Amino acid sequence: MRQSSLVVVANRLPIDDSVAPDGACEWRRSPGGLVSALHPLLRHAPATWVGWAGGTGPAPNLPDVDGVRMRTVPLDQDDLRDHYEGFANATLWPLYHDSVEQPQHHRRWWEAYQRVNQRFAEATAEVAEPGAVVWVQDYHLHLVPGMLRAIRPDLRIGFFLHVPFPPPELFMQLPRRAELLRGMLGADLVGFQRAQAAHNFAQLVAKVLDLPATDRRIGIDGRVVRIGAFPVSIDTAEMAALAARPDVAARARRLRQDLGSPEHVILSVDRMDYTKGIEQRLKAYSELLVSGHVKVRDTVLVQVAVPSRERVGQYQILRERVEREVGRINGEFGRVGEPAIHYLTQPFDRAELAALYRVADVMAVTPLRDGMNLVAKEYVAARVDDAGALLLSEFAGAAAELPQAYLVNPHDLEGLKQGLLESLHAAPADVRARMRAMRAHLHEHDIRAWARSYLRALDETGALVDRLTSTGDPATPPVPGQPDRSGTPTGRPAQP
Ligand SMILES: O=P(O)(O)OC[C@H]1O[C@@H](O)[C@H](O)[C@@H](O)[C@@H]1O
């Protein structure tokens with residue numbers, strides 16, 4: 001078994017399968033996301049990515065992807081239903097997003113969650129070389145740090161949560177709250193998107209486990225676990241380069257014509273998820289049509305809603321409701337060849353997405369709760385022309401970093417309507433100034449800065465990151481507000 005000095009562990013492998021022209025199955029690196037973030041670091045390691053390849057068959061033996069080894073963890077039908085669709089996405093996901101849908105609790109789901117986490121921990125233990133750095137990602141794998149430490153105490157283990165971490169009042173509902181917290185504390189560093197989440201975690205650890213905890217450090221079993229905020233980001237330069245391509249700019253012009261050359265284009269791009277506030281946004285738009293503040297010929301809404309977790313009941317219900325509402329609005333306000341809403345459920349390739357971003361005068365990103373929301377950041381990165389208004393929910397993690405967006409509370413229907421109108425009719429100079437400031441922020445705080453700052457904080461000696469970044473990639477200075485190697489926050493803290 002080949003072993004690696006850096007191991008990333010995530011529920012999904014960073015690859016997609018597609019069918020080659022000769023009919024064979026091909027695996028390709030998935031565009032965007034975490035893999036783009038880590039790739040520049042991983043390729044110098046050598047590194048292994050431990051994850052699920054999708055589906056429920058036997059684990060495929062995958063080739064290295066761009067120099068990164070793939071270690072597949074199989075899930076069977078029961079694991080898929082009880083671990084992924086059950087405990088991860090019908091218990092934790094709604095609970096962590098303010099319980100906007102009711103979290104469900106089933107003992108069978110918890111058993112599957114433990115079983116699958118143990119499988120991930122064992123696979124990781126096999127591929128990590130002595131003293132390796134292991135970075136565990138997200139809410140599907142809360143127990144892995146603890147389980148892994150029990151097998152391999154020599155490892156340096158990090159855990160990062162991409163979604164919000166809820167306040168104690170909500171988390172306390174979990175029947176297995178103590179086990180989940182203990183699992184995370186198997187790590188040396190627990191990272192969150194926002195400082196508030198780290199605070200929630202420290203409070204819970206003190207309350208549920210009776211351990212000494214501050215917002216920075218927790219003592220357990222004679223060890224110190226550090227906690228902190230590391231807001232995740234995107235590959236800003238890649239998105240900007242894509243959006244600046246002449247073919248993408250031409251495609252954007254064409255899209256505008258295809259939309260009927262309206263005065264205003266509003267765009268929303270979401271996974272079909274009840275946390276994204278799609279229904280609230282449609283209601284606001286529909287009321288603006290009724291009151292005549294928005295007219296179909298002048299303004300169009302393009303709503304991309306890519307189906308997600310389709311076997312989970314709450315997602316099925318949402319899709320039906322969204323589609324009924326889109327149909328109603330188009331029936332009532334559209335005309336032949338002029339729908340009020342252009343509704344698309346297909347996933348887009350990156351170039352088409354960049355063209356859509358470039359055509360959007362207003363990008364409406366209004367989730368009810370979101371760990372970060374990378375679509376908001378992608379839109380900003382794509383606006384190389386400094387145009388375009390970002391309408392952003394206060395409840396997206398991104399709002400703390402992009403205060404120049406037009407911020408709204410998506411639970412407040414009148415406020416949402418007001419925000420839409422304000423961003424639609426904002427003075428071009430104001431729009432430009434805001435966009436420029438947001439682009440400058442993302443230029444500095446990109447995904448590489450995020451990965452490096454996290455790994456620096458995890459690997460306190462700095463040996464690993466120095467080795468990874470000494471091969472051509474210029475070292476990035478610590479990100480303001482995030483811990484440096486000594487765990488000391490630097491510069492301006494991320495806003496709450
Ligand atoms: O993996 P899924 O269920 O298709 O969801 C997409 C992503 O949704 C994100 O918001 C989660 O934090 C990721 O971990 C997840 O991969």
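These numbers were taken from a predicted model, which means no experiment stands behind them. One-based numbering, in listed order, for ligands and for the atoms of each.
The protein atom (non-hydrogen) at minimum distance from atom 3 (O) of ligand 1 is Tyr84 OH, 2.5 Å.
Every heavy atom of Tyr96 sits 4.0 Å or more from the atoms of ligand 1. In this structure, Gln137 falls outside the shell of residues with a heavy atom less than 4.0 angstrom from ligand 1.
Heavy-atom proximity to Arg309, at under 4.0 Å, picks out these atoms of ligand 1: 2 (P), 3 (O), 5 (O), 6 (C), 7 (C), 8 (O). Those atoms of ligand 1 that come under 4.0 Å of a heavy atom in Trp93, given as number and element, are 10 (O). Atoms of ligand 1 lying under 4.0 Å from at least one heavy atom of His140, given by number and element, are 14 (O). Those atoms of ligand 1 with a heavy atom of Val163 less than 4.0 angstrom away are 12 (O). The distance from ligand 1 to the heavy atoms of Arg12 drops below 4.0 Å at these ligand atoms: 1 (O), 2 (P), 4 (O).
Proximity of the aromatic rings of Trp450 and Phe160 is defined here by a centroid distance below 6.0 angstrom, and this criterion is met. Taking the six-membered ring for Trp and the full ring otherwise, Phe230 and Phe192 have centroids separated by 6.0 Å or more.
Remark: Ser268 engages Arg281 in a side-chain hydrogen bond (donor to acceptor under 3.5 Å, both in side chains) (not counting sequence neighbours).
A salt bridge does not link Asp78 with Arg115: every distance from a Lys NZ or Arg NE/NH1/NH2 to an Asp or Glu carboxylate oxygen is 4.0 Å or more. One finds a salt bridge joining Glu378 and Arg350 here, because a Lys/Arg side-chain nitrogen approaches an Asp/Glu carboxylate oxygen to under 4.0 Å. We find that Arg309 and Glu85 are not joined by a salt bridge, their nearest charged nitrogen and carboxylate oxygen being 4.0 Å or further apart.
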message: Please evaluate residues Arg319 and Glu310 with respect to the criterion salt bridge (charged side-chain N to carboxylate O under 4.0 Å, His left out), reporting the C-alpha separation (whole Å), side-chain torsions for both, the decisive distance (0.1 Å), and the verdict.
response: CA-CA 9 Å; Arg319 183 169 183 175; Glu310 289 174 83; 3.7 Å; yes
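For the residues Asp138, Val306, Leu374, the heavy atom positioned nearest atom 11 (C) of ligand 1 is part of Asp138.
Using a 4.0 Å cut-off between heavy atoms, Tyr315 makes no contact with ligand 1 at all.
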